[in-house]
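To start, the structure itself, in structure tokens.
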Protein chains: 2
Amino acid sequence: MSLPPAIILVRPQLSENIGTTARAMMNCALTDLRLVAPRENWLSERAVAAASGAEKILEAAQRFETTEDAIADLQKVYATTGRNRFMVKPVVTPKQAALEIRNHHSTGIKTAVMFGPERTGLENDDVALADTVITVPLNPEHFSLNLAQCVLLIGYEWFQAGDPAEPVSMTKGATPPASKEDLIGFFRHLEDELDACGFFRVAEKRPGMVRNIRNLFERADLTQQEIRTLHGIVHELVTYRRKKGGEQEPSE
Amino acid sequence: MSLPPAIILVRPQLSENIGTTARAMMNCALTDLRLVAPRENWLSERAVAAASGAEKILEAAQRFETTEDAIADLQKVYATTGRNRFMVKPVVTPKQAALEIRNHHSTGIKTAVMFGPERTGLENDDVALADTVITVPLNPEHFSLNLAQCVLLIGYEWFQAGDPAEPVSMTKGATPPASKEDLIGFFRHLEDELDACGFFRVAEKRPGMVRNIRNLFERADLTQQEIRTLHGIVHELVTYRRKKGGEQEPSE
């Protein structure tokens, strides 16, 4: 069976919900649990009781300070959202995501599904780090799934999907897809240079502009080679401007 | 949209689980909740809190003394089981059941899905009253869904299935399928006569034999007309036997 996707809980509030998530994961043969800045101890008595036999998933869970750290070694990340975020990003159902994840793993691509805090869901900055958004198509007039139920539906579809009959071949030539670490490294490089040259003139607009730029590159499905190319482009543009004594403005 | 299936909780133990079931149902636009001999009050404070906005489903829930009463007005009943009951009965996945239920409703057939008590699941006598068994295909090495999660997966598949493009036509000629009340009425008639003639010679074997006979007729997908015919057959056989002064044994 192909490697299951990692389950990433971003800033979960209650340790009990981490426990019920582990229980839901175990039903679906998911094992890789990652926690971004959890508020409570995920090995608390309440968490272990709620895990109901799945405590080995809790014990193996990894803690990260930021979402960026949690996804660094992965190549495709899905964000679950309950409402439309109006980002230009593919939106799929759990079933479609499950098929994609199976295909990714069959070609060696590591994936994860992210879930936000219990009441508020993922922040837009977290969603901007994902390749694809998952929304669960249920009763639009009363949508009220808890964290573990949401994980269960994703895991259930992943379990049902089974391995693809034949690995879907890569369509991107020889170089493998960029890891999130590569991509975030490029974001940092680009944003630092954009800060340096005064691209973000209005401070309040910076977060939204950064998200839009990140989303644009997330969508491009970049390879490792392409990331190197983009670093080179930014570097060359900056060097050229500096040679000209700062007269050259960056094109928008 | 076609009528959703009824959700029948047989002897649920904790009112909180009835509440979380109502919440799961509301997500899937399911509304008809039926309770067979619940141990606790399903309008308790804990139940309403757990329903988390779905209390109108709790308020509209119907209570029944027996499973037979709860299914009397229905025509197709599915039983969820976590383990194999070794009954000769079709076993389907939630996805397959969802498609069947959509098809049934499009031809006016009323359905339900039954769930057993939290720890023990449905008793064999309840399963014997169902047409079809549903098992959820998840990790066989660690299967541990709670009641509301199990209801959620069934409801989720029902919601996803959508209405069939074209109603599947009845294949049974003109008369509609028998209701469970009709069928149970025939079971009672037959079993009374079998008791009267001494068919059940060994008392301990009676329950298993009754279940086997019920399963056999459940599988036959009987119409109302066929139920009348079967009543007639039993009546005639008994009358003939009595005329003969008890010498005629019923054929097995």
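Side-chain atoms are counted along with the backbone in the values below, which use heavy atoms only and exclude waters and symmetry mates. Letters A, B, ... are given to chains in the order of the sequence lines, protein chains preceding strands, and every chain is numbered from 1.
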Practice problem: Let me know if A:Glu141 has heavy atoms under 4.5 Å from chain B in its side chain, its backbone, both or neither. | Solution: neither

Quiz item: What are the two closest heavy atoms between B:Phe159 and A:Pro137, and how far apart are they?
Solution: CD2-O, 3.4 Å

Quiz prompt | Spacing of SG belonging to B:Cys150 relative to CG belonging to A:Leu152, to within rounding of 0.5 Å | solution = 9.5 Å

Quiz item: Is B:Glu181 atom CD crowded by more than 12 heavy atoms from other residues, nucleotides or ligands, each under 6.0 Å away?
Solution: no

Practice problem: Output, in order, the C-alpha distance, side-chain angles, deciding distance and verdict of side-chain contact (heavy atoms from CB on, under 4.5 Å) for A:Lys95 and B:Lys95. | Solution: CA-CA 12 Å; A:Lys95 187 185 301 299; B:Lys95 187 185 301 298; 2.8 Å; yes

Quiz prompt | Atom CD of A:Gln62 with >12 non-hydrogen neighbours under 6.0 angstrom | solution = yes

Practice problem: Check whether any side-chain heavy atom of A:Met26 lies under 4.5 Å from a side-chain heavy atom of B:Ser144, and answer yes or no. | Solution: no

Quiz item: Just wondering, more than 12 heavy atoms not from A:Glu118 lying within 6.0 Å of its CD?
Solution: yes

Exercise. Might you point out which heavy atoms bring B:Gln149 and A:Ala148 nearest each other, and give the distance in Å?
Key: NE2-CB, 4.4 Å

Quiz item: For A:Glu157 and B:Tyr156, which heavy atoms make the closest approach, and how far apart are they?
Solution: OE2-OH, 2.8 Å

Quiz item: Which one, A:Thr20, A:Asn146, A:Asn27, A:Asn139, leads in non-hydrogen pairs under 4.5 Å with chain B?
Solution: A:Asn27

